[in-house]
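Notes for the one structure printed next.
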Amino acid sequence: MKPLVPLAATVISAEVEEEAEAEDYEKMAKELNDSPLEIMDKALEKFGNDIAIAFSGAEDVALLEYARLTGRPFRVFSLDTGRLNPETYQLFDAVEKHYGIRIEYMLPDADEVQALVRNKGLFSFYEDGHQECCRIRKGRPLRRSLKGLRAWITGQRKDQSPGTRSEIPVVQVDPTFEGLVGGAGSLVKWNPVANVDGKDIWSFLRTMNVPVNSLHSQGYISIGCEPCTRAVLPGQHEREGKCVNGNGNGAVHANGAIHANGTAVADIFDTKDIVSLSRPGIKNLLKLGNRRNPWLVVLYAPWCHFCQAMEGSYVELAEKLASSGVKVAKFRADGEQKSFAQKGCSLAASPQYSSSLDILHS
């Protein structure tokens, strides 16, 4: 890749040029509509081989699919911190095969990592707010990656963090990092899905049937390094799964439980109108041939996105049926109970761990 060195004769004023560039992209951001495909196409057309997609191993795969749909060649880079989940590395391999590409991995400096671990241990980030570890494993490698580019493409969305990302434009002069030429204003940042809701991203991924990180089906939404990422609790924002504390968990609800992978999760369908069934309890219920009252039982996993989505309507239904004679109950069918639920309760399995409603009546 040849660096772009502007001729002295063309450089009138760095400040004037930077201001004009910023104004151009601000105007472009207003003119472009919210179509991720159109924004992606414009970015790839304008910068060609000097632009790359930042891929984290999470739902950024949507960016790769939009790039593929443009029909233009595209580059992809990722930061391999050395502390990613096995599922993330598996996704990297699946993505490379699916799109016929090679991801450009940027690794941290080996000497810096060695010095950090020797001096502070493997988990110092739990004690110092993650700053030094993130700087060595992510910050500096990212800067090195971007110094070889004139522009980059991210998967940032406004709904990811309303407090800090609510003003993300679809294209801007990068306010933080430097690009190939160096200096302020030397890198352009494209955010094709800035105005897209997370649920729409997932509808797109399912429709296009592309590879996704298997951690998503375990309640993980925002995925980073393995020690610092956990599944989110019902009602929590997706970014709350990042940078967990030293005990391996984020905040735990008063009615918390532990998932099979060690993740703390809060229980759902928590109301006096819903009976919690144990395994012996549901076995006894299934054996009853003549029940005095009909039963409505939900088989669920508290970390499952689909179960979480149906919580409100199920609780509301339970409250309405409270005086009707219909008994409403729940049975947690994940972990050690999953096999029993699949065989004994006819629980359908799917990549997202499908939940099912089973009406038991006389």
Side-chain angles (χ1 to χ4, degrees), residues 1-6 14 17-19 21-22 24-26 28-29 36 39-40 42-64 66-67 72-84 88 92 95-96 101-113 130-157 160-161 164-165 167-194 222-225 242:
M1 185 184 304
K2 296 181 180 180
L4 298 179
V5 181
E17 183 176 341
E18 179 184 337
E19 182 178 350
E21 184 78 357
D24 287 344
Y25 285 109
E26 184 176 350
M28 185 183 297
I39 298 167
M40 179 67 73
K42 185 71 173 179
L44 295 178
E45 176 190 30
K46 187 172 181 65
F47 288 97
N49 197 49
D50 290 329
I51 190 171
I53 299 171
F55 181 59
S56 67
E59 68 267 44
D60 289 339
V61 69
L63 298 176
L64 277 60
Y66 283 122
R72 300 181 187 277
F74 59 93
R75 296 171 57 190
V76 181
F77 78 92
S78 188
L79 306 179
D80 181 357
T81 65
R83 302 300 295 269
L84 303 178
T88 299
F92 287 155
V95 160
E96 288 186 328
I101 61 173
R102 280 286 177 264
I103 298 173
E104 301 170 25
Y105 299 102
M106 181 62 74
L107 281 71
D109 181 88
D111 291 337
E112 290 183 335
V113 172
H130 302 257
Q131 293 185 6
E132 186 172 9
C133 185
C134 282
R135 182 169 63 249
I136 291 173
R137 293 182 182 273
K138 293 172 61 178
R140 289 174 182 168
L142 177 59
R143 289 183 182 276
R144 292 201 304 271
S145 295
L146 297 179
K147 282 291 290 182
L149 301 169
R150 292 173 55 217
W152 65 310
I153 301 169
T154 84
Q156 286 189 327
R157 305 190 317 272
Q160 286 175 319
S161 184
T164 59
R165 299 187 176 186
E167 301 300 323
I168 297 175
V170 297
V171 59
Q172 64 185 136
V173 173
D174 197 299
T176 305
F177 299 103
E178 296 183 8
L180 192 61
V181 177
S186 59
L187 185 71
V188 178
K189 183 179 180 182
W190 294 78
N191 309 298
V193 295
S222 187
I223 299 173
C225 291
K242 285 290 188 70

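Just the heavy atoms: all of them, side chains too, but no hydrogens, waters or symmetry mates, feed the values below.
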To the nearest 0.5 Å, tell me how far [X] [atom1] sits from [Y] [atom2].
X      : Y      : atom1 : atom2 : answer
Ile101 : Ile53  : CD1   : CD1   : 7.5 Å
Arg150 : Leu180 : CZ    : CG    : 8.0 Å
Met28  : Lys46  : CE    : NZ    : 4.5 Å
Ile39  : Leu44  : CD1   : CG    : 12.0 Å
Ile51  : Met40  : CD1   : CE    : 8.0 Å
Lys189 : Ile168 : NZ    : CD1   : 6.5 Å

Minimum heavy-atom separation for [X] and [Y], please, with both atom names.
X      : Y      : answer
Asp60  : Gly155 : OD1-CA, 3.6 Å
Val193 : Pro36  : CG1-CB, 4.1 Å
Asn191 : Gln156 : OD1-OE1, 4.0 Å
Ala29  : Pro169 : CB-CB, 4.4 Å
Thr81  : Lys138 : CG2-CG, 3.6 Å
Gly224 : Leu84  : O-CD2, 3.9 Å

Among Val95, Leu63, Leu79, exactly one meets side chain to side chain contact (heavy atoms under 4.5 Å, CB included) together with Phe55. Which residue is that? Val95
Show the numbers, then the answer: is there a side chain to side chain contact (heavy atoms under 4.5 Å, CB included) between Leu142 and Met106? CA-CA 8 Å; Leu142 177 59; Met106 181 62 74; over 6 Å; no
Trp190 vs Lys42, test: side chain to side chain contact (heavy atoms under 4.5 Å, CB included). Steps then yes/no. CA-CA 10 Å; Trp190 294 78; Lys42 185 71 173 179; 3.8 Å; yes
Close side-chain approach of Val113 and Ile136, heavy atoms under 4.5 Å: yes
I'd like to check Phe92 versus Asp80 (side-chain heavy atoms, cut-off strictly below 4.5 Å). Are they in contact? no
Look at the aromatic rings of Trp152 and Phe77 and report parallel, tilted or perpendicular, splitting at 30° and 60°. tilted
Check step by step if side chain to side chain contact (heavy atoms under 4.5 Å, CB included) holds for Ile153 and Phe74. CA-CA 11 Å; Ile153 301 169; Phe74 59 93; over 6 Å; no
Spell out, as yes or no, whether a donor-acceptor pair under 3.5 Å connects the side chain of Glu178 to the backbone of Ser186. no
Report the C-alpha distance between Leu149 and Arg75 in whole Å, list the side-chain angles of each, state the deciding distance to 0.1 Å, and finish with yes or no for side chain to side chain contact (heavy atoms under 4.5 Å, CB included). CA-CA 11 Å; Leu149 301 169; Arg75 296 171 57 190; 3.6 Å; yes
Taking only residues two or more places apart in sequence, or in another chain, which ones meet Arg140 in a salt bridge (charged side-chain N to carboxylate O under 4.0 Å, His left out)? Glu112
